[in-house]
Amino acid sequence: MRCLCTALAFFAIYSTATAQATPPPPDTADPYRPALHFSPRQHWINDPNGMVYHKGVYHLFFQHYPQGTTWGPMHWGHATSKNLVHWQEQPIKLFPDSLGYIFSGSAVADVHRTSGFGQPGDTPLVAIFTHHNPLTEKRGRNFQYQSLAYSLDDGATWHKYAANPVLADSNSSDFRDPKVFWYAPQRKWIMTLATKDCISFYSSPNLRQWQFESVFGKTAGAHGGVWECPDLIDLELNGQHYWVLIVNLNPGAPNGGSGTQYFVGQFDGHQFTALHTDTRWMDYGPDNYAGVTWSNTGQQRLLIGWMSNWDYANQVPTGRWRNAMTVARQLSLQQVGKEVYLRSEPVQQLQQQWQWQTAGQASTQPLPTSKAYTLRWQWSTAQAASMVLRNAAGEQVTIGYDAATHQLYIDRVYSS
Ligand code: FRU
């Protein structure tokens, strides 16, 4: 590898940089709005929900409070994209009702029309979400149930199922965030559900009737907080088939607050078994939470997360909107020694569109005026290296490599 940086080089992109696509112009009226990451026109967002790929469109729903910039009664906002890079915000799709707020959940394309929604020939999109009832919560009774909504016009309009809820449990109050997929070998739907600090699995032939299968996690992984927003995905590595259980946790993450752990294992349609006993994190940084994958994407496993953390999400100083999503990521497996780990990297579309060449010597450079770019940095792993991004106010973020521990780090102690 070529050594482009020495320790504490001040490094930035040269003005001769070239991009393969023109980045959107900076939003001068709103300097904190990210150019690349999806953020709402206005008001609050948290978890990504109901991601489904259908007829060439990636649907992204999200937890949304359209009356303010802090968390409040939850709706499902909606955005669509054809390339996972440029997003168009759409009208709100699910509103709170007499059963409660609309908490997190998933959506599937019911290609076999097992649910019976619509007419023969239709492919209903079915959302499976948690109803959270604030009134029964106040009375100390159970307050979370799983419910359905469906769309017969490719996601444009949605109808709540008249017989909601479809799954309730009188013994559990933390009972939420259903992620559903079609388990082809047994021709049934599997629901992965967060239940306190464990994951419960349910199955169904038709999305309307659910049967308990098993519970995972009592003695596995990190338990510093409640388990939320799980996902169970299958991935291949060298012809071997694995299942990865993604579990979001709040609090208890390695850098405080919210984080995402995962388990590599096997699933037989009833039960998940992990292949390791150590705790594994998707990210060590604090701003990737509640991430789950798109359904209906064939062999690809594409994830997006909420680019925030419950420790400070309500205080981020952004004005008329608050919080954003991470960039979309492609998930795969990687073997290191005898162990198999989850790998996540920005989706291919993003890498192609946002690649810049740097001039590349160690120095202090002004950043380009564009807000969005990919920095490709090569250095020799034989020695420590870092770059410091600094602004006129004297704030700085250091990105570096510690040669002694072979670890990459990001230090944002001196940023606001
Ligand atoms: C995770 C979470 C979910 C819940 C939603 C409520 O961030 O707490 O468990 O469904 O947010 O907005």
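Just so you know, ligand 1 is whichever comes first in the structure, and atom 1 is the first atom listed for that ligand. Every heavy atom of this structure was used, including side-chain atoms; hydrogens, water molecules and symmetry mates were not.
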- Full working for salt bridge (charged side-chain N to carboxylate O under 4.0 Å, His left out) between Arg301 and Asp231: CA-CA 11 Å; Arg301 299 290 166 256; Asp231 195 358; over 6 Å; no
- Which residue holds the protein heavy atom closest to atom 8 (O) of ligand 1, what is that atom called, and what is the gap in Å? Glu228 OE2, 2.8 Å
- ligand 1 to Tyr289 polar contact by distance, N or O atoms, under 3.5 Å: no
- Message: Show me which atoms of ligand 1 lie under 4.0 Å from any heavy atom of Ser104.
- Response: 5 (C), 10 (O)
- Task: Check ligand 1 against Met74 and write out every atom of the ligand that is under 4.0 Å from a heavy-atom position of the residue.
- Result: 12 (O)
- Query: When rounded to the nearest 0.5 angstrom, what distance separates CG in Asp177 from CD in Gln146?
  - Reply: 8.0 Å
- In Tyr202, Trp182, Trp210, the residue satisfying ring-ring contact (aromatic ring centres under 6.0 Å, His included) with Trp189 is Trp182
- Query: In the protein, what heavy atom is nearest to atom 2 (C) of ligand 1, and what distance, to one decimal place, separates them?
  - Reply: Asp47 OD2, 3.3 Å
- Query: For ligand 1, which part of Asn46 has a heavy atom less than 4.0 Å away: the side chain, the backbone, both, or neither?
  - Reply: side chain
- Honestly, for Trp306 the part within reach of ligand 1 (heavy atoms, under 4.0 Å) is neither
- Task: Indicate, with yes or no, if the rings of Phe129 and His131 have centres closer together than 6.0 Å.
- Result: yes
- Just need the protein heavy atom nearest to atom 10 (O) of ligand 1, so name the residue and atom and give the distance. Asp177 OD1, 2.6 Å
- Is the Phe61-Trp158 ring centre distance short of 6.0 angstrom? yes
- Query: Taking the six-membered ring for Trp, are the ring centroids of His270 and Phe201 within less than 6.0 Å of each other?
  - Reply: no
- Heavy atom of the protein closest to atom 12 (O) of ligand 1 (residue, atom name, distance): Gln63 OE1, 2.7 Å
- Query: So does Gln119 have more than 12 non-hydrogen atoms from other groups sitting under 6.0 Å from CD?
  - Reply: no
